[in-house]
Amino acid sequence: MLMENVPLTMRRDMWFQPDGAPPHLTLAVRAERWIERGIPINIHETRILIKVREKGASVRSPPSHLKLDNVHVPWMLMPDDEGNLHVAYLVETSPRESTNITEEVILLLYTRSNAATGPYRLYANDVNNLKASGYDPSHPTEILIHGFTSNGQSSVIIGSKDAYLSKGEYNVIGVDWGVLCPSPLYVEACQNAVLVGELLAELIEFLVAEGGAQLQDFHVTGHSLGAQVAGFTGSNTKSGKVGRITGLDAAYPMFGNADASGRLDATDGVLVDAIHTCGGSLGFEEPIALVDFYPNGGLRPQPGCDNDVTGTEGNTKRLLSKDLKVSIHKTAILLVVLYVCETWTLTLKEEQRLRVFENKVLRKIFGAKRDEVTGEWRKLHNAELHALYSSPGIIRNIKSRRLRWTGHVARMGESRNTYILLVERPEGERPLRRPRRRWEDNIKMNLREMEYDDRDWINLAQDRDQWRAYVRAAMNLGVP
């Protein structure tokens, strides 16, 4: 049967697959092209088409045995604070459970006095924690909030913290709420932004009441979705307004049609300013603050980023993060290439061809490297590729899967046809030529590589635990 125009949701960890059938090779080809070219940003509803072919009649509608419930989900690509793109679902796909915000949001205090010992973790409403923190109410307090899919090591936090402390005495509080804003759960992250804002407002009230700080000395800065968190922080302070709130390209998706109480707004602080560099795409084009800055018109692309479709710093080589490309390679390309590899009988030449294919894909993912001596760009060597990949190579995957399947068949029992085909010796004589490598020969060769006497491998397979140890060992074998 032929199925056309089936919407496929691109995810980091899963690709659409009909029950009982592997994805067609078309999926792998398109995934490889996708790695090379990237996907445009700001597409709220994109469909990737695949074809599934089987013998028989052709039909235009999906057959009944295919599970198509919730296959199509509106999504887009959003950059993190470093400019790497991640998938963001634009509908709620995972019900938001009650969370322990106090533990899941990490508040780290950076000061000049703790530069040698490292940041101190703050907790709202914990007086003893505050006394031991080194927080100085006589110094201005800067609160820095990262955006979607980022964490406390974001350049928005670390870079800004370093700049502040190099200029003077500050209490810099980095807000790490990464566990509440992971890709692809963008809607859930927007919901959690409200909760994080409420927690930060509670922290500010606590620092004022117990720490002796003044509201006018607080400056809350957030990037993208973090800017919306900053707005919720200001709108939830009870004793007054914080001195200043700065929104760096405040997130537009899911907030574009919200009223003033549902997003960053000019009334959230004494001074609310916003910087717009991605207007009309991921950020607001219209004014949202008391003071709005529009560098170079505030629209994308900014000078020096002519090829950047997001409006953030970057270029077309960074449209997709390397982690996302590796995930595509593992879940889409290898899924197709290694289909039924458990039954393959490979020669050394065929193994080499598979390694060449894998290295070609990895070079497209990791790109070139500048030579430290000559300064010229060069291809990555094979050893460098696999060090960056840091996962078992394609041949080790095949060996491990083959041994796993072998153990399964060896334990089936002598009455099963599959077992008979595995151990039976066909009648007659082979032609007079170099004998072909049999499937069993591959098994024995893999076992010899692990220094095991392969003469009694069927009995060895009866011990599940011991055989699983060999399967894991095969995954860790070095590539010759």
Side-chain angles (χ1 to χ4, degrees), residues 12-13 15 25 28-38 80 82-86 153 314-342 344-405 437 441-452 454 468-480:
R12 290 182 62 130
D13 58 347
W15 290 73
L25 187 58
V29 173
R30 295 194 179 193
E32 187 172 357
R33 291 176 182 171
W34 182 45
I35 289 176
E36 292 182 25
R37 303 177 185 177
D80 58 20
E82 317 308 322
N84 297 316
L85 295 190
H86 301 270
Q153 296 303 309
N315 51 60
T316 53
K317 292 183 179 180
R318 295 185 61 186
L319 284 176
L320 297 174
S321 68
K322 288 184 173 64
D323 287 343
L324 184 53
K325 294 176 184 178
V326 169
S327 296
I328 296 170
H329 172 59
K330 291 180 179 179
T331 58
I333 297 178
L334 287 184
L335 184 69
V336 176
V337 174
L338 298 184
Y339 178 59
V340 299
C341 68
E342 295 87 350
W344 290 356
T345 300
L346 295 177
T347 63
L348 294 178
K349 184 177 181 180
E350 290 167 337
E351 289 184 1
Q352 180 60 25
R353 291 176 64 184
L354 285 170
R355 291 194 189 97
V356 171
F357 163 79
E358 181 179 46
N359 291 339
K360 180 180 179 181
V361 175
L362 294 180
R363 284 193 175 92
K364 291 182 183 297
I365 293 175
F366 294 110
K369 177 181 179 179
R370 189 183 293 275
D371 192 280
E372 297 178 356
V373 178
T374 64
E376 298 180 353
W377 291 96
R378 63 171 177 82
K379 291 183 178 180
L380 289 170
H381 301 309
N382 292 349
E384 295 172 317
L385 283 175
H386 289 279
L388 291 171
Y389 184 43
S390 67
S391 294
I394 191 170
I395 300 303
R396 281 187 277 176
N397 264 289
I398 293 172
K399 291 177 179 179
S400 179
R401 295 185 185 194
R402 187 163 50 204
L403 284 175
R404 183 175 56 195
W405 173 247
R437 180 181 294 180
D441 295 332
N442 284 112
I443 300 300
K444 292 182 176 181
M445 185 172 64
N446 296 156
L447 291 172
R448 285 195 295 269
E449 289 175 354
M450 293 179 285
E451 299 180 351
Y452 173 74
D454 57 80
R468 284 171 182 166
Y470 282 104
V471 172
R472 289 191 293 270
M475 186 67 80
N476 296 320
L477 284 175
V479 177

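These values consider heavy atoms only, across backbone and side chains, with no hydrogens, waters or symmetry-generated copies.
Separating the NZ atom in K325 from the CD1 atom in I328 is a distance of 8.5 Å, to the nearest 0.5 Å. To the nearest 0.5 Å, atom CG of residue L380 and atom NE2 of residue H386 are 11.0 Å apart. If you take CG on N397 and CG on L354, they are separated by 11.0 Å, rounding to the nearest 0.5 Å. For the atom pair CG of L335 and NZ of K330, the computed distance is 13.5 Å after rounding to the nearest 0.5 Å. One distance of note links NE2 of H329 with CG of L334; it measures 4.0 Å at 0.5 Å rounding. With rounding to the nearest 0.5 angstrom, the NZ atom of K369 is 10.5 Å from the CG atom of L385.
Listed by chain and residue number, nothing satisfies the salt bridge (Lys or Arg N to Asp or Glu O under 4.0 Å) test with K379 (two or more places apart in sequence, or in another chain). With sequence neighbours excluded, no residue forms a salt bridge (Lys or Arg N to Asp or Glu O under 4.0 Å) with E350. Applying the side chain to side chain donor-acceptor pair (under 3.5 Å) rule to R363 yields the partners N382; only residues at least two apart in sequence or on another chain are considered. Partners of R402 under the side chain to side chain donor-acceptor pair (under 3.5 Å) rule, at least two apart in sequence or in another chain, are N446. Judged as a salt bridge (Lys or Arg N to Asp or Glu O under 4.0 Å), and not counting sequence neighbours, the contacts of R378 are D371, E384. Residues that satisfy the side-chain contact (heavy atoms from CB on, under 4.5 Å) test with V356, not counting sequence neighbours, are Q352.
Between the E358 side chain and the I394 main chain, a donor and an acceptor come within less than 3.5 Å of each other.
The minimum heavy-atom distance between L338 and W344, with the atom names listed, is CA-CH2, 4.2 Å. Smallest separation of non-hydrogen atoms from V326 and Y389: CG1-CE1, 3.8 Å. Annotation for C341 and R401: closest pair SG-CD, 3.5 Å, computed over non-hydrogen atoms.
Put simply, the side chain of N84 does not reach to within 4.5 Å of the side chain of D323, judged on heavy atoms. Side-chain contact between K364 and V361 is absent, with no heavy-atom pair separated by less than 4.5 Å.
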